[in-house]
Amino acid sequence: MFEALLSKALILKRIVEALKELVTDVNFECTPAGISLQAMDASHVALVTFILDANGFDEFRCDRAQTLGLSITNLGKILKCAENDDRVQIRAEDNASIITFIFEGKDDDKVSEFNLNLLNLDSEHLGIPEQEYPCVITLPSAEFTRICRDMSQMTETLAIEVTKQSVHFKVGGDIGEGKISLKPKNDGKNKVHLEVNENVSCSYALRYLNLFNKGASLGDEAVLMIATDLPLVLIFNFELGVLKYYLAPKVSED
Amino acid sequence: MFEALLSKALILKRIVEALKELVTDVNFECTPAGISLQAMDASHVALVTFILDANGFDEFRCDRAQTLGLSITNLGKILKCAENDDRVQIRAEDNASIITFIFEGKDDDKVSEFNLNLLNLDSEHLGIPEQEYPCVITLPSAEFTRICRDMSQMTETLAIEVTKQSVHFKVGGDIGEGKISLKPKNDGKNKVHLEVNENVSCSYALRYLNLFNKGASLGDEAVLMIATDLPLVLIFNFELGVLKYYLAPKVSED
Amino acid sequence: MFEALLSKALILKRIVEALKELVTDVNFECTPAGISLQAMDASHVALVTFILDANGFDEFRCDRAQTLGLSITNLGKILKCAENDDRVQIRAEDNASIITFIFEGKDDDKVSEFNLNLLNLDSEHLGIPEQEYPCVITLPSAEFTRICRDMSQMTETLAIEVTKQSVHFKVGGDIGEGKISLKPKNDGKNKVHLEVNENVSCSYALRYLNLFNKGASLGDEAVLMIATDLPLVLIFNFELGVLKYYLAPKVSED
């Protein structure tokens, strides 16, 4: 038996938003410690993972580890029927073919109950080694979202250049070239922090960065780890756990 | 001579919104008692009627009964030129070929006058017998709108099941199944009231229910009457009269 | 060397909005007195001009007159990267092949720098004689925008009729006919003022008037000059200068 209770549907809606344009059918791995996910996009270019900590839920029970195959699209559809403030109950029997979501308002006079068919999906779990990154950039997630969105009007590739003094987001193309530069600052939730052991300059596909930024509604802060020979990692921490996106650099233009 | 004065264009805009996706060319039947309409959608599946009470207008004069054939699309276009708070004057001579709408702001320094060509339409007036319905559900129109809209993401058919204790809105399909349940409550404008002489379970095309809900801006309260062997009636009462939509049930899936 | 400093990017964004649906590649003529532009739309039906006064800039330096050929589309793209309140620095060397735009927030910790490639465009500067117009209509730009937008739902041509007492905006077509009438009033920023030496009635293509009204965000007041045998001129005055649109009348329908 798997059973979990969340006090607000909003967080589940945001998780689905963070995933649904990148992946379609995914396995939720449920254990007594929480729920985890690892999924590649259809073109096998980007990877997304999350861990939802059992302690972050109002109630959490998972008698034995089980894999729940879910359509993110369909989960998104039923979540439209939940108000942001609705309590959410999630339930699946052992070896179940369906998973049940129950949304309840504070008044108890409206109850929405949905049974989603579970999917039998191939599970190809990658071991992702914990890596040391020479550059770790912490910046407001709204700022990074805006930079990627605005820059993608001009071109498809974003170069990120980091030194101890500043981080540059650079684009080039037929129309000319552009560069947005941020310096570290310690201004509460607008904080920009650079942890740089080695200058790095790498290029990434803006299309994927824009998809990753759908996760920005989960956390005010984005953590960006880059290295020449490792995939970029974009991390959003939130009350229930952590969401990570991975993307390999493009072959450098220099 | 037909002449009517409305203190606010907004109500006329809302009536047009309530009609324009369901019907195109319609006959307004004007009598000294008011204006009535009865129209079927193009596929002859749904019916909409309204009665606008002469007493609801600021002024109303109709020397003799006449039928005014109007394009709802064109009426919608000229209403775009009216501010919500504009006074509206409507005028047509006996046997006229045009109908005149005059919109005036409170300052009198802006006047908009439109002459719409009247249409000569076949008039097939159905006698709709007053029927007793075993189930009458009163609920906030915004709630019913939301349920229908959200549920239509999943499937094309909505089953409505009513007992004395609660009303269930149910859908089923490839992705699983869902059910939203409301219990009676007496909470001012969020009131849910069930008048049930007999349990009923019927299915309806969500596409039409969604079109009907365009009328929800006219009234905070929706009244839903259902029976196994009669068309569903969805009723919105408003300051000027009453708007009713009719839809036959689908053949039950049970 | 050309160099200019603007205290707010917003005004530059609005200028680009005012131009970008009408023209694509244009020459900015820079002189010590300011920046001017004159451009025809692709179909050579409408003309737009502006003059930005050097004194309106926070700083302005133009060592010698030069022509800067710019893609309005690309300028619009880089301006998306500027916040409305950002300071803007514009810079081009003599005989330069690029023009540089630098956007800076008030905190100095974010700097965006873009180099746009300059274009080599044919320059066909028309001498536009200063003409006396028999009718000069001053009205709120939002009002004129709304009238043109609403009327264009009904037809493609707007007739403007002016007398000393009022200005009429008239449309006609298959669906009927309409007329919006404004009388002079002296009501602060809602002022309507008519300066009429001769009654005039002319017709214009609504498509172009709607494009011209993109300039309305620059000024609360629109000045409309019309004459039977001269192009309509629509003028928006703003803190940095003046924007003018020209459009020849259609052959009168009378």
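All figures in this text were calculated on a predicted structure; none of them were measured in a lab. Below, chain A is the first sequence line, B the second, and so on; all start at residue 1.
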Heavy-atom neighbours of Asn237(B) CG exceed 12 at 6.0 Å: yes
Flag if over 12 foreign heavy atoms under 6.0 Å of CG, Asp122(A): no
Positions in residues 77-104 of chain A that reach chain B, provided some heavy atom is under 4.5 Å away: Lys77(A), Ile78(A), Lys80(A), Cys81(A), Ala82(A), Glu83(A)
Separation of Ile147(B) CD1 from Ser112(A) OG (nearest 0.5 Å): 7.0 Å
Donor-acceptor contact present, side-chain Asp109(A) to main-chain Pro184(B), <3.5 Å: no
Separation between CD of Gln153(B) and OG1 of Thr73(A), rounded to the nearest 0.5 Å: 11.0 Å
CD/Gln131(B): more than 12 non-hydrogen atoms of other groups inside 6.0 Å: yes
Region of Arg146(B) that comes under 4.5 Å of a non-hydrogen atom in chain A: side chain
Nearest non-hydrogen partners of Asp174(B) and Asn117(A), listed with the distance: O-ND2, 2.7 Å
Audit row: Lys183(B), Lys110(A), side chain to side chain contact (heavy atoms under 4.5 Å, CB included) steps and yes/no: CA-CA 7 Å; Lys183(B) 285 188 188 144; Lys110(A) 180 179 175 185; over 6 Å; no
Inter-chain contacts: residues 36-68 of chain A against chain B, heavy atoms under 4.5 Å: none
Side chain to side chain contact (heavy atoms under 4.5 Å, CB included) evaluation trace for Ile180(B) with Val111(A): CA-CA 6 Å; Ile180(B) 297 178; Val111(A) 178; over 6 Å; no
Engaged part of Lys179(B) at the chain A interface, taking heavy atoms whose separation is under 4.5 Å: both
